[in-house]
2 protein chains.
Amino acid sequence: MAAVNLEGAMGDGLSDAKVHDQVYDALADALIKGQIPPLNPVSLRTLAANLGVSPMPVREAVRRLIAENALELQASNKRLRVPDLTEKRVLQLMKAREWVEPELAALATPLMTRDAIRRLRDDDTKLMKALSSGDVGGYMQANQDFHFCIYSCADADLFYDMARTLWLQVGPFMRVVFGRLGTVQLPKDHHQDMIAAFERGDAEAARASMQADVREGMAMMLDVIRTRAEPEPKRRRVR
Amino acid sequence: MAAVNLEGAMGDGLSDAKVHDQVYDALADALIKGQIPPLNPVSLRTLAANLGVSPMPVREAVRRLIAENALELQASNKRLRVPDLTEKRVLQLMKAREWVEPELAALATPLMTRDAIRRLRDDDTKLMKALSSGDVGGYMQANQDFHFCIYSCADADLFYDMARTLWLQVGPFMRVVFGRLGTVQLPKDHHQDMIAAFERGDAEAARASMQADVREGMAMMLDVIRTRAEPEPKRRRVR
DNA sequence: GTACCTATATTGTGATCACATGAGCAAGAG
DNA sequence: CTCTTGCTCATGTGATCACAATATAGGTAC
């Protein structure tokens with residue numbers, strides 16, 4: 001139950017990539033897209049069975065995700081699950097994202113190719129379309145593509161990894177946020193401003209737009225976290 | 001050969017902590033203290049033998065360290081080693097440290113207990129002593145204790161982990177820096193200013209001192225990286 | 001001495017087994 | 001129906017084995 005559907009998530013077919021890397025990519029992708037809700041239990045053997053591999057590479061992938069705070073081991077020392085977010089932690093994630101991601105946008109500005117900007121427009125179009133049709137999955141995918149297209153242009157591995165790690169932690173809650181608020185109340189997107197800044201080569205404007213974008217998104221999440229019922233008030237059976 | 005000495009590094013004796021955690025702590029400690037030089041090869045089985053455990057928990061610990069960029073797998077897809085630092089990467093590490101660590105100092109300021117400040121004074125005393133006696137290991141230990149005493153007071157898990165990860169990447173090069181410059185040319189330490197700021201409860205002053213401290217340390221490292229010979233100019237046998 | 005080649009040893013990876021521990025569920029007492 | 005008690009199953013962890021790929025050592029030809 002609550003079994004995560006990962007079918008097709010792994011790049012089947014010929015590939016010299018290590019199995020544990022494929023497992024990691026599949027899991028990370030599912031987390032970033034919010035396909036695995038917070039507090040959702042995860043089992044090594046179950047995942048291994050779902051992905052058609054032995055538990056071994058799953059262990060390594062999971063160990064990596066734990067190191068990135070994308071998964072956690074319950075204090076009771078057993079049971080793997082997606083971490084919950086406290087208000088304190090959301091505030092830290094917000095601060096961190098408000099630093100790295102604008103930084104990445106600024107670094108990317110002088111390196112933006114015409115082709116990359118075209119891709120940004122494309123992603124933003126898909127985003128607006130998904131938004132108006134209420135397609136949460138499509139929205140998240142387009143938004144992720146938009147942001148990481150920029151970040152990959154920045155040519156800054158360390159910052160890129162930091163951003164990815166942060167998204168990994170925030171991902172499972174994005175779906176919760178949209179479930180609470182719907183896709184309608186999404187913040188005024190600053191993507192157009194960002195694209196314009198890239199075209200002008202105005203790094204500081206890009207930085208500012210990115211910061212506003214991140215801030216508003218995280219503010220929504222913070223609001224949801226604050227106003228939600230206590231996370232699991234001793235819930236009984238769910239039948 | 002270049003075998004890392006980890007004897008006694010693992011907390012022997014009774015302990016319910018998982019073995020792979022102990023291995024991780026041992027390795028992370030060795031890396032942060034610069035006991036394992038850059039480009040030093042690391043082998044799963046060798047480490048396992050040195051620590052008296054099976055290769056299994058070592059694999060998990062290493063997987064974690066790879067996720068933190070504290071170890072790397074050579075592009076040839078075999079062989080584990082301590083990563084080298086490029087100038088570009090040092091610049092990113094510097095920027096990142098100049099953001100998180102001052103932030104942690106500012107957050108810690110209102111939470112600093114009298115006892116913690118006393119510990120800071122103690123660490124700084126040890127630091128000065130080690131400095132005047134040319135004890136590199138002692139200096140690095142005292143400096144680490146000083147900084148992380150502050151960071152642990154900040155009550156900000158995410159930032160704390162980020163700082164630790166950054167230190168993990170910088171650690172192996174600190175020893176190189178000291179080997180090049182000696183302990184004499186160490187930057188004017190801003191520790192006294194920081195302690196004073198904590199006592200006044202002046203978060204912004206603490207932030208500024210921390211930033212200066214980090215900046216000067218990383219500037220030294222950057223200088224060493226820039227002026228060193230090419231990293232491994234096709235070195236032949238080492239006999 | 002130097003360059004090239006072959007054989008051995010060592011590496012990371014994946015699978016499987018064994019084990020202690022805690023979760024989940026069913027049955028029984030009140 | 002509620003709470004307790006006991007048992008069964010599933011979980012994470014560690015060890016060991018098997019394997020393909022690579023680096024390294026040793027030898028040979030020049």
Side-chain angles (χ1 to χ4, degrees), chain A residues 1-4 10 12 14-27 39-67 70-83 232 234-239, chain B residues 1-4 10 12 14-27 39-67 70-83 232 234-239:
Chain A
M1 48 191 62
V4 182
M10 286 181 54
D12 296 320
L14 49 95
S15 167
D16 55 349
K18 302 300 174 196
V19 178
H20 69 258
D21 279 320
Q22 302 181 32
V23 175
Y24 173 84
D25 289 338
L27 275 173
L39 293 181
N40 188 289
V42 167
S43 135
L44 292 179
R45 288 177 176 83
T46 304
L47 278 176
N50 282 14
L51 296 170
V53 298
S54 90
M56 195 72 228
V58 180
R59 279 167 70 171
E60 307 206 32
V62 162
R63 189 60 59 191
R64 214 170 133 187
L65 288 165
I66 292 176
L71 289 179
E72 74 175 357
L73 238 52
Q74 291 190 40
S76 56
N77 223 3
K78 286 271 184 198
R79 244 50 168 221
L80 209 51
R81 66 177 184 187
V82 178
E232 222 55 14
K234 196 62 179 173
R235 193 201 292 183
R236 310 283 305 183
R237 306 287 173 79
V238 181
R239 184 176 287 263
Chain B
M1 49 188 69
V4 183
M10 285 180 54
D12 296 320
L14 51 94
S15 166
D16 55 350
K18 302 301 175 196
V19 178
H20 69 259
D21 280 320
Q22 302 181 31
V23 174
Y24 173 83
D25 289 338
L27 275 173
L39 292 181
N40 189 289
V42 167
S43 140
L44 258 42
R45 289 176 175 83
T46 303
L47 278 177
N50 282 13
L51 297 169
V53 298
S54 91
M56 195 73 230
V58 180
R59 279 167 71 170
E60 308 207 31
V62 162
R63 190 59 59 191
R64 215 170 131 188
L65 288 165
I66 292 177
L71 289 179
E72 74 173 357
L73 238 52
Q74 290 191 38
S76 56
N77 222 4
K78 286 271 184 197
R79 246 51 168 215
L80 208 53
R81 67 177 183 188
V82 178
E232 220 57 11
K234 196 60 179 172
R235 192 201 291 183
R236 309 284 305 182
R237 305 287 173 80
V238 181
R239 187 177 285 263

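The analysis underlying the following values was restricted to heavy atoms, covering all of them including side chains, and did not include hydrogens, waters or symmetry mates. Proteins come first, then strands; the chains are lettered A, B, ... in the order of their sequence lines, and each starts at number 1.
Shortest non-hydrogen contact noted between B:Ala70 and B:Pro83 is O-CD, 3.3 Å. Residues B:Leu44 and B:Val58 approach most closely at O-CG1, 3.9 Å, considering heavy atoms.
The separation between B:Leu44 atom CG and D:dA23 atom P is 17 Å, rounded to whole Å. Distance CG (A:Leu73) to P (D:dT13): 5 Å, rounded to an integer number of Å. Put simply, NZ on A:Lys18 is 7 Å from P on C:dG14, counting in whole angstrom units. One atom, CD of A:Gln74, and another, P of C:dG22, lie 12 Å apart when rounded to the nearest Å. Atoms CZ (B:Arg81) and C1' (D:dT22) sit 15 Å apart, rounded to a whole Å. Straight-line distance from the CE atom of B:Met56 to the P atom of D:dT16: 12 Å, rounded to whole Å. The distance from atom CG of A:Leu47 to atom C1' of D:dT11 is 13 Å, rounded to the nearest whole Å. The CG atom of B:Asp21 sits 8 Å away from the P atom of D:dG14 (whole-angstrom rounding).
The nearest heavy atom of DNA chain C to A:Arg59 and to B:Leu80 marks one nucleotide each, and the one closer to the 5' end goes with B:Leu80.
Of the side-chain N and O atoms in B:Arg45, none sit less than 4.0 angstrom from OP1 or OP2 of C:dA9. Considering only side-chain N and O atoms, A:Thr46 lies under 4.0 angstrom from the phosphate OP1 or OP2 of D:dT11. Within the 4.0 Å cut-off from OP1 or OP2 of C:dT11, at least one side-chain nitrogen or oxygen of B:Ser43 is found.
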Subject >> Criterion side-chain hydrogen bond (donor to acceptor under 3.5 Å, both in side chains) on B:Arg64 and B:His20, from CA distance to verdict >> reply: CA-CA 10 Å; B:Arg64 215 170 131 188; B:His20 69 259; 5.3 Å; no

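Considering only side-chain atoms of A:Ser54, the nucleotide from C:dA15, C:dT11, D:dG12 that sits closest is C:dA15.
Every salt bridge (Lys or Arg N to Asp or Glu O under 4.0 Å) that A:Arg81 has, sequence neighbours left out, goes to A:Glu72.
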